[in-house]
Amino acid sequence: MTQRPPEPDLLPGMRRTVRDSRAKAAATRARKATEVEPAATDPVARVLVEVPLAHLDRPFDYLVPTAMADTAVPGCRVRVRFAGQDVDGFVVERVATSEHGGRLSPLRRVVSAEPVLTPAVAALTAAVADRYAGTRSDVLRLAVPPRHATAEKQESPPAPAPVVDLDAARSAWAGHEPGAAFLDHLAAGGSPRAVWSAAPATDWPLLIAHTCAATYAAGRGALVCVPDHRDVDRVAAALVAVLGEGHHVALTADLGPSARYREFLAVSRGARRVVVGTRAAAFAPVRDLGLVVVWDDGDDLHAEPRAPYPHTREVLLTRAGLEGAGVLVGGFARTVEAAYLLRSGWAHELAAPRDLVRQRVHVAVAGASDAELRRDPLARAARVPAQAHDTIEEGLRHGPVLVQTPRTGYVPSLACERCRTPARCTACAGPLALRGPTDPPRCRWCGTDDPAWACPTCGHRGLRAPVLGDHRTAEELGRSFARTPIRSSSDDRVRATVAARPEIVVATPGAEPVAEGGYAAVVLLDTWLPLARADLRTEEEALRRWVNAAALVAPGGRVLAVGDPAHPALQALVRWDVAGFAERETTQRVEAHLPPASRMATITGEPGAVDDAITLLAAPEAAEVLGPVDLPDGECRVVVRVPRAQGPALSAALHELQRVRSARKLDAVRVQVDPATL
DNA sequence: ATGACCAATTGA
DNA sequence: CAATTGGTCATG
């Protein structure tokens with residue numbers, strides 16, 4: 001194209017022409033807008049537009065044309081013209097007049113009159129976005145599943161009339177005090193709040209189902225969030241056992257778009273009032289919510305990996321606060337957050353008396369303490385000591401035996417036999433592992449075989465296995481118990497249940513199958529390994545994994561942990577003192593100004609961007625800024641910490657920071673409030 | 001994001 | 001002096 005210099009005296013004129021044509025376009029729009037007949041009642045729709053920008057994260061007003069008067073209902077999906085583009089949004093409200101001074105654009109289209117965003121969930125998404133300093137559109141994506149037109153055409157048949165047996169509920173809860181009072185309170189339409197530490201060998205899905213039934217009996221809905229799909233299936237089965245078919249829905253991520261939307265609609269239409277699901281279900285639009293339940297809130301599956309990274313427990317607690325619902329935070333283990341709810345008096349405790357716990361399980365530890373090993377280095381603890389062997393053998397006389405081993409694979413990591421330098425891949429420096437008894441060392445990252453490995457430090461060619469995986473454990477146990485069937489359940493192939501017959505089940509944490517009637521014995525191997533991590537939650541997490549496996553015993557069953565009997569986490573396991581352990585951890589956290597006594601947030605991004613984010617951040621007075629520290633990927637991170645009482649102020653400051661940065665088109669930084677790990 | 005506008009800076 | 005660049009503002 002040839003560049004012709006514009007005639008100088010044409011330019012002002014051109015500008016005027018541009019302005020004229022813009023004015024004309026505006027006039028045309030205005031004419032069109034007036035041509036559109038506004039709805040007779042509440043002609044203004046307040047719309048949350050789906051744009052990813054923090055500073056546009058508020059409702060905008062649009063004119064409702066007569067033709068859409070009855071379909072543009074609060075909560076429905078619409079398409080609107082926004083900043084010159086067609087974008088999707090939700091109507092959050094219909095009002096008579098607009099605060100907006102200018103002329104309103106009409107709604108382009110009502111995508112569907114289905115009110116998928118209920119007022120309660122709309123308020124919840126706002127509260128969650130505030131708490132996590134994220135955008136509402138991000139939270140809305142987590143809360144409302146994608147539309148499926150076919151599913152929307154189908155009706156949601158109503159649930160049958162509920163028949164609730166409160167006596168059955170009370171007797172199921174017998175042993176957990178004051179379980180009956182909790183149930184009665186729910187059945188009377190109250191909203192009690194409790195932190196529940198389930199006794200070992202408790203059929204927790206059944207007890208949870210009974211709390212839902214008690215709530216349902218009072219005419220209110222209930223919502224249960226559990227870590228994974230297998231737990232959803234168990235609670236769903238218990239709900240059928242307690243309430244019968246047709247009262248609940250199960251919401252999981254692996255349903256597929258059509259089924260997921262169908263189940264969601266059954267809830268939003270009020271045809272189902274009891275919901276069990278994984279973390280996304282925390283936003284399910286249950287009508288008249290009377291109870292929220294989170295099971296095993298320490299499981300990291302409850303931490304949403306997508307922005308703004310909300311945690312199921314926090315979403316549910318927020319929700320209970322907004323909707324006046326009761327709360328049950330349950331688990332075999334107890335998180336410091338749950339302990340804090342008790343300490344602050346916000347929730348009551350539901351627990352089993354010592355006697356019952358002692359009847360249910362006998363826990364022992366086998367192994368030399370660190371102190372003993374220091375005194376006598378030759379007293380090397382065997383990985384499967386004789387005592388563990390005996391426990392398995394004895395258990396097999398009565399039923400299945402669970403062996404928990406912390407790592408997946410055969411030999412998941414290798415080191416030089418002589419100098420103990422970790423063996424790394426020559427191609428990519430990834431960790432070398434063995435996949436089977438006869439396989440050569442192979443890189444876990446790039447898959448390259450390295451049959452001729454030699455130690456780069458000392459030249460030695462021998463390898464040792466500092467850690468063994470579940471496959472190798474199964475192989476070893478197969479040799480020791482030659483006539484016993486051995487099953488594996490780990491990441492790659494998780495088994496949901498095993499029958500009540502003598503067999504050895506080797507499983508990794510979180511993948512333990514449930515045994516019919518419970519395991520005769522549970523053996524926990526390599527307890528030192530989960531304790532070797534350097535993290536705020538190391539001990540809490542280790543104990544959680546152990547008690548979750550140990551709780552699968554049959555009443556009166558035996559548990560043996562192989563490790564250092566002097567370690568506080570193992571002592572807590574032996575005494576089954578999850579409450580005391582969580583209480584002590586909480587005290588330490590309070591003293592060290594760590595969550596949940598403080599609220600922490602991280603800001604991550606390019607060093608320059610993080611740097612001016614801190615400058616821009618109007619953090620509360622008491623805020624401490626720790627860092628920045630450089631991360632391996634060239635980014636850097638700061639931690640901001642405030643006392644718990646100033647948590648909302650910190651969230652607000654971070655939220656405002658994101659709005660300002662977004663408006664000024666500054667480089668994005670990632671903000672995480674209460675990150676799951678540090 | 002996208003676009004518009006204004007002011008300051010750069011360059012011939 | 002014109003052209004370019006950068007910051008600010010608004011999006012209904």
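To find a chain, count down the sequence lines: A is the first, B the second, and so on, and within it residues start at 1. Note that this is a predicted model, so its numbers are computed, not measured.
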Nearest-angstrom distance from the residue atom [atom1] of [X] to [atom2] of [N]:
{"X": "A:D61", "N": "C:dA10", "atom1": "CG", "atom2": "P", "answer": "17 Å"}
{"X": "A:D86", "N": "C:dG12", "atom1": "CG", "atom2": "P", "answer": "12 Å"}
{"X": "A:R659", "N": "C:dA10", "atom1": "CZ", "atom2": "C1'", "answer": "17 Å"}
{"X": "A:L56", "N": "C:dT11", "atom1": "CG", "atom2": "P", "answer": "10 Å"}
{"X": "A:R79", "N": "C:dG12", "atom1": "CZ", "atom2": "C1'", "answer": "17 Å"}
{"X": "A:Q658", "N": "B:dA1", "atom1": "CD", "atom2": "P", "answer": "13 Å"}
{"X": "A:F82", "N": "C:dA10", "atom1": "CZ", "atom2": "C1'", "answer": "9 Å"}
{"X": "A:R661", "N": "B:dA1", "atom1": "CZ", "atom2": "P", "answer": "13 Å"}

Which atom pairs, donor and acceptor, lie under 3.5 Å between side-chain atoms of residues 593-600 of chain A and protein residues at least two apart or in another chain?
unit_1, atom_1, unit_2, atom_2, d
A:S598, OG, A:H593, O, 2.9
A:R599, NH1, A:G647, O, 3.3
A:R599, NH1, A:S651, OG, 2.9

Decide yes or no, distance alone: a donor-acceptor N/O pair under 3.5 angstrom between the base of C:dT11 and the side-chain of A:H55. yes
Polar atom pairs (N or O), protein with nucleotides 5-9 of chain C, under 3.5 Å:
unit_1, atom_1, unit_2, atom_2, d
C:dC9, N4, A:K665, NZ, 2.8

Distance flag, aromatic centroids of A:Y309 and A:Y132, threshold under 6.0 Å: no
Under a plain distance cut-off of 3.5 Å, with no hydrogens placed, do A:T215 and A:R220 share a side-chain donor-acceptor pair? no
Determine the interplanar angle of the A:H247 and A:Y216 rings, folded into 0 to 90°, and report it as parallel if under 30°, tilted if 30 to 60°, perpendicular if over 60°. perpendicular
Ion pair A:E337/A:R537, N-O distance below 4.0 Å: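 Between A:R537 and A:E337 there is a salt bridge, with a charged N closer than 4.0 Å to a carboxylate O.
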Just by distance, do the side chain of A:R287 and the backbone of A:R269 share a donor-acceptor pair under 3.5 Å?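 Flag set: sc A:R287 to bb A:R269 pair under 3.5 Å.
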